[in-house]
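Notes for the one structure printed next.
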Amino acid sequence: MLKIRHDDFNLALTMDSGQVFGFSKDSEGVYEGMVGGVFVRLSQKEGNIQAAAKTPAFRAQHLRDYFDLDRDLNGLYRIFKADSILVPALKLKGLRLIRQDSWEALACFIISSNNNVKRIQGIWQNLCRHFKGFPSASQVSASHERVLRELGLGYRAPFLHATARFVANNPVCLGHIRQLPYPEAIEKIICFPGIGPKVADCALLYGFQKYEAFPVDVWILRVMRKLYFKNRKVSEKKIQVFGQKRWGLQAGYVQQYLFHSARTNIL
DNA sequence: CTCCAGGCGCCTT
DNA sequence: AAGGCGCATGGA
């Protein structure tokens, strides 16, 4: 049993904020899922985080990396305090961006398009059951579009399959994207099938740790129109540029707080 | 029954 | 560049 202390982390907020789709949660608030390829049970009481892993090789630093625990969030909180519109977001203090695997994030957010969190979680489970764990790009590539449809992907099946084939045939491409600055990374990743501007931002934020990404989905679109544009009809693109210019390297974190705020109706 | 969900690709203006 | 439409699926 691994135990670490942290006074500015909220496991439940982080897990329930729609970033990851592969964890189950029991009635006691214990989360089960894979962290860095290791099956882990996670719980938190106050500032104490507990992790029960299958292998003793799982260390505290793996947890710190995964949950971005070594980041100082006071700069983010300063943004919220300085903008009267965003003060309510401080109620989500301790929510952190999970540093996900690139391929998993890419695949998940292809599945996420025009979909809802509950169904995305269901599709994740179906994939894990069928492939004995979340499938690599090679596994998806070696599978068939029809199989993906049977697992519930619907019209996204050919998109995921084509992207998986590309990644499997170009094993270094994700590592290459990781090394690129955000603007160039967007240009590259948006060329994959099924990846438009929104999914690209999600993948780059959650899977490539590009913290200046500002994904604009229907929730962000609504809440941003309400908070900053007097409910006028402003396009996704305008909102995306607005968020990026306004919050810079904190845009990704601000977006996550706005997203969860909107979904839980606290703004 | 219709409407909606962490949108995208393709087609018109 | 900007806007409209169809698309699989399942829950509300």
Side-chain angles (χ1 to χ4, degrees), chain A residues 13-23 89 92 95-98 100 102 104-127 129-130 144-166 186-208 210-227 229 232-244 251-267:
Chain A
L13 276 180
T14 301
M15 289 302 218
D16 297 339
S17 63
Q19 303 181 56
V20 288
F21 309 100
F23 283 86
L92 303 183
L95 167 56
R96 285 173 183 270
L97 286 176
I98 296 173
Q100 299 178 46
S102 299
E104 286 186 12
L106 195 57
C108 275
F109 283 95
I110 287 174
I111 295 166
S112 79
S113 88
N114 195 28
N115 212 339
N116 59 63
V117 172
K118 184 72 74 179
R119 272 198 79 235
I120 300 166
Q121 291 170 338
I123 293 170
W124 171 289
Q125 288 182 342
N126 294 345
L127 286 168
R129 194 185 326 112
H130 183 267
H144 194 277
E145 178 188 320
R146 182 189 61 254
V147 174
L148 299 179
R149 282 189 184 273
E150 287 165 359
L151 295 174
L153 274 82
Y155 70 94
R156 309 164 194 85
F159 295 152
L160 181 63
H161 192 258
T163 291
R165 192 172 54 210
F166 186 90
I186 278 279
E187 270 190 64
K188 284 285 181 192
I189 205 170
I190 213 169
C191 295
F192 293 149
I195 301 185
K198 190 271 173 182
V199 169
D201 264 342
C202 281
L204 290 180
L205 179 60
Y206 302 121
F208 295 81
K210 304 294 182 188
Y211 292 101
E212 61 269 63
F214 189 77
V216 180
D217 73 326
V218 292
W219 294 96
I220 292 293
L221 186 67
R222 280 198 293 260
V223 76
M224 288 293 289
R225 279 176 174 171
K226 174 185 168 190
L227 296 180
F229 296 92
R232 284 169 31 232
K233 298 284 177 207
V234 189
S235 70
E236 288 90 340
K237 179 61 182 168
K238 294 265 191 189
I239 300 280
Q240 204 277 340
V241 172
F242 177 90
Q244 268 205 323
Y253 258 95
V254 173
Q255 183 273 160
Q256 192 62 35
Y257 276 68
L258 284 173
F259 177 72
H260 199 241
S261 297
R263 277 170 52 86
T264 54
N265 201 23
I266 69 167
L267 283 179

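Please read these numbers as outputs of a predicted model, since none were measured by experiment.
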Quiz item: Contact class for Gly18(A) (heavy atom, under 4.0 Å): base, sugar-phosphate, or nothing?
Solution: base
Quiz item: Hey, which of these two, Pro193(A) or Ser112(A), hits DNA chain B nearer its 5' end, going by closest nucleotide?
Solution: Ser112(A)
Quiz item: Please give, in whole Å, the distance from dA8(C) P to Leu151(A) CG?
Solution: 16 Å
Exercise. Quickly work out the Arg222(A) CZ to dA5(B) C1' distance and round it to whole Å.
Key: 9 Å
Quiz item: Taking atom P of dA12(C) as reference, at what distance in whole Å does atom NZ of Lys118(A) sit?
Solution: 8 Å
Practice problem: State which of dG3(C), dC8(B), dA5(B) makes the closest approach to the side chain of Ser235(A). | Solution: dG3(C)
Practice problem: Given side chain to side chain contact (heavy atoms under 4.5 Å, CB included), test Arg232(A) with Arg225(A) step by step and report yes or no. | Solution: CA-CA 6 Å; Arg232(A) 284 169 31 232; Arg225(A) 279 176 174 171; over 6 Å; no
Quiz item: For Glu236(A) and dA1(C), what is the distance between atoms CD and C1' respectively, to the nearest whole Å?
Solution: 14 Å
Quiz prompt | Residues in contact with DNA chain C, drawn from residues 154-164 of chain A - heavy-atom cutoff 4.0 Å | solution = Gly154(A), Tyr155(A), Arg156(A)
Practice problem: Mind checking Val117(A) for me? I need base, sugar-phosphate or nothing, with any heavy atom below 4.0 Å counting as a touch. | Solution: sugar-phosphate
Quiz item: Which is true for Ile195(A) with a 4.0 Å heavy-atom rule: it touches a base, it touches only sugar-phosphate, or it touches nothing?
Solution: sugar-phosphate
Quiz item: Relative to the ring of Tyr155(A), is the ring of Phe159(A) parallel (under 30°), tilted (30 to 60°) or perpendicular (over 60°)?
Solution: perpendicular
Exercise. Hey, can you tell me if Phe259(A) and Trp219(A) have their rings parallel, tilted or perpendicular (30° and 60° cut-offs)?
Key: perpendicular
Self-check item: Rounded interatomic separation in angstrom, taking CG from Leu106(A) and C1' from dG7(B)
Solution: 15 Å
Quiz item: Once you round it to whole Å, what is the distance between P of dA12(C) and CZ of Arg263(A)?
Solution: 13 Å
Practice problem: Measure centre to centre between the rings of Phe21(A) and Phe109(A), then say whether the value is under 6.0 Å. | Solution: yes
Practice problem: Find the distance Ile123(A):CD1 to dG11(C):P and express it as a whole number of Å. | Solution: 12 Å
Quiz item: Do Gln256(A) and Ser17(A) get their side chains close enough for a donor-acceptor pair, meaning under 3.5 Å?
Solution: yes
Practice problem: Would you classify Phe192(A) as touching base, sugar-phosphate or nothing, given that sugar-phosphate means primed atoms plus P, OP1 and OP2, and contacts are heavy atoms under 4.0 Å? | Solution: sugar-phosphate
Self-check item: From CA spacing to verdict: side-chain hydrogen bond (donor to acceptor under 3.5 Å, both in side chains), Asn126(A), Arg129(A)
Solution: CA-CA 5 Å; Asn126(A) 294 345; Arg129(A) 194 185 326 112; 2.8 Å; yes
Quiz item: Is Gln256(A) touching bases, backbone alone, or none of the nucleic acid, heavy atoms closer than 4.0 Å?
Solution: base
Quiz prompt | Rounded P spacing from dC11(B) to dA8(C) in Å | solution = 16 Å
Quiz item: To the nearest angstrom, how far is Ile220(A) atom CD1 from dG7(B) atom C1'?
Solution: 15 Å
Exercise. Could you tell me whether Phe242(A) and Phe229(A) have their ring centroids closer than 6.0 angstrom?
Key: yes
